[in-house]
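Okay, structure first, notes after.
Proteins come first, then strands; the chains are lettered A, B, ... in the order of their sequence lines, and each starts at number 1.
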Amino acid sequence: GENVEQHPSTLSVQEGDSAVIKCTYSDSASNYFPWYKQELGKGPQLIIDIRSNVGEKKDQRIAVTLNKTAKHFSLHITETQPEDSAVYFCAASHPTLSGYALNFGKGTSLLVTP
Amino acid sequence: GAVVSQHPSWVICKSGTSVKIECRSLDFQATTMFWYRQFPKQSLMLMATSNEGSKATYEQGVEKDKFLINHASLTLSTLTVTSAHPEDSSFYICSAKGAHSGNTIYFGEGSWLTVV
């Protein structure tokens, strides 16, 4: 099955700095890579996603890059703000009998200090 | 984005009883719904996948007789934890996707279950 590795597990940056979270996946058939932000006690919120036919996608301060050859994808947050503090999960989705379920990384706890 | 609602957001039940959690897609038809379990400071673990009108597909190690999943309509799936034990205490999260969303999956707000 698919195995998603995520690094780092914790990340602390100063407000205004950039934050980068990296993930690798094992199944070359995976074709959809979303990123979720989870605040304490809440469900994950989709913040950005990328499909395998695209190498980069940007949405304001958030960008995701995908390297299919190396099977890794990264989340970039620029000009970080304290409200960006949360746990971020990467995921990979590939077709299965169950219908494109997501396999999650272990999460990165991001702390943005003022 | 699409809205997925879970109810209740938290529940406390006694050992041996059953508890039902509902997951609703409010503004789209969810052809597939997924149920996840999350322990504190850990990642989300997929429990099962359900397609409307079909039996759920359970992940390895998940007891289907204990975690009953029903996906009777395109907007509602339920998870029933039967004969609950304290070790079933966890954060249960549903997610859904529909034909309109491609692979995009939207999550509910989660339900905290505490079994005492």
With hydrophobic residues grouped by side-chain heavy-atom distances under 4.5 Å, do [X] and [Y] end up in a single group?
{"X": "A:Leu75", "Y": "A:Leu66", "result": "yes"}
{"X": "A:Leu11", "Y": "A:Phe73", "result": "yes"}
{"X": "A:Tyr88", "Y": "A:Val13", "result": "yes"}
{"X": "B:Leu76", "Y": "B:Val4", "result": "no"}

> Quick one: what part of A:Phe104 sits under 4.5 Å from any heavy atom of chain B, side chain, backbone, both or neither?
Replying inline: both
> Between A:Gln45 and chain B, which part of the residue has a heavy atom less than 4.5 Å away: side chain, backbone, both or neither?
Replying inline: neither
Which atoms of [X] come close to chain A, meaning under 4.5 Å heavy atom to heavy atom: side chain ones, backbone ones, both, or neither?
{"X": "B:Ile93", "answer": "side chain"}
{"X": "B:Trp112", "answer": "side chain"}
{"X": "B:Glu109", "answer": "both"}

Minimum heavy-atom distance between [X] and [Y], given as atom pair plus value:
{"X": "A:Phe89", "Y": "B:Gln38", "answer": "CZ-NE2, 3.6 Å"}
{"X": "A:Leu102", "Y": "B:Phe107", "answer": "CD1-CE1, 4.2 Å"}
{"X": "A:Lys42", "Y": "B:Phe91", "answer": "O-CE2, 3.6 Å"}

>> Please give the remaining members of the hydrophobic cluster of B:Val62, linking ILVMFWY side chains under 4.5 Å, ordered by chain and number.
In response: B:Val11, B:Val19, B:Ile21, B:Trp35, B:Met47, B:Tyr58, B:Phe67, B:Ile69, B:Leu79, B:Val81, B:Tyr92, B:Leu113, B:Val115
> Should B:Thr104 and A:Tyr32 count as side-chain neighbours, where that means a heavy-atom distance under 4.5 Å?
Replying inline: yes
>> What I'd like to find out is whether the side chain of B:Leu46 reaches to under 4.5 Å of the side chain of A:Asn103, using heavy atoms alone.
In response: no
> How about A:Gln60: does its CD atom have over 12 heavy atoms from other parts shown lying under 6.0 Å from it?
Replying inline: no
>> Within the supplied structure, the quantity of interest is the number of heavy atoms (other residues, nucleotides, ligands) at a distance under 6.0 Å from B:Lys66 NZ; does it exceed 12?
In response: yes
> Is there any side chain to side chain donor-acceptor pair (under 3.5 Å) pair reaching into residues 6-17 of chain A, and which pairs are they, with sequence neighbours excluded?
Replying inline: A:Gln6-A:Thr108
>> As an exercise: rank A:Pro44, A:Pro34, A:Gly43 by heavy-atom pairs under 4.5 Å with chain B and give me the winner.
In response: A:Pro44
> Is there a donor-acceptor contact under 3.5 Å from the side chain of B:Ser43 to the main chain of A:Gly105?
Replying inline: yes
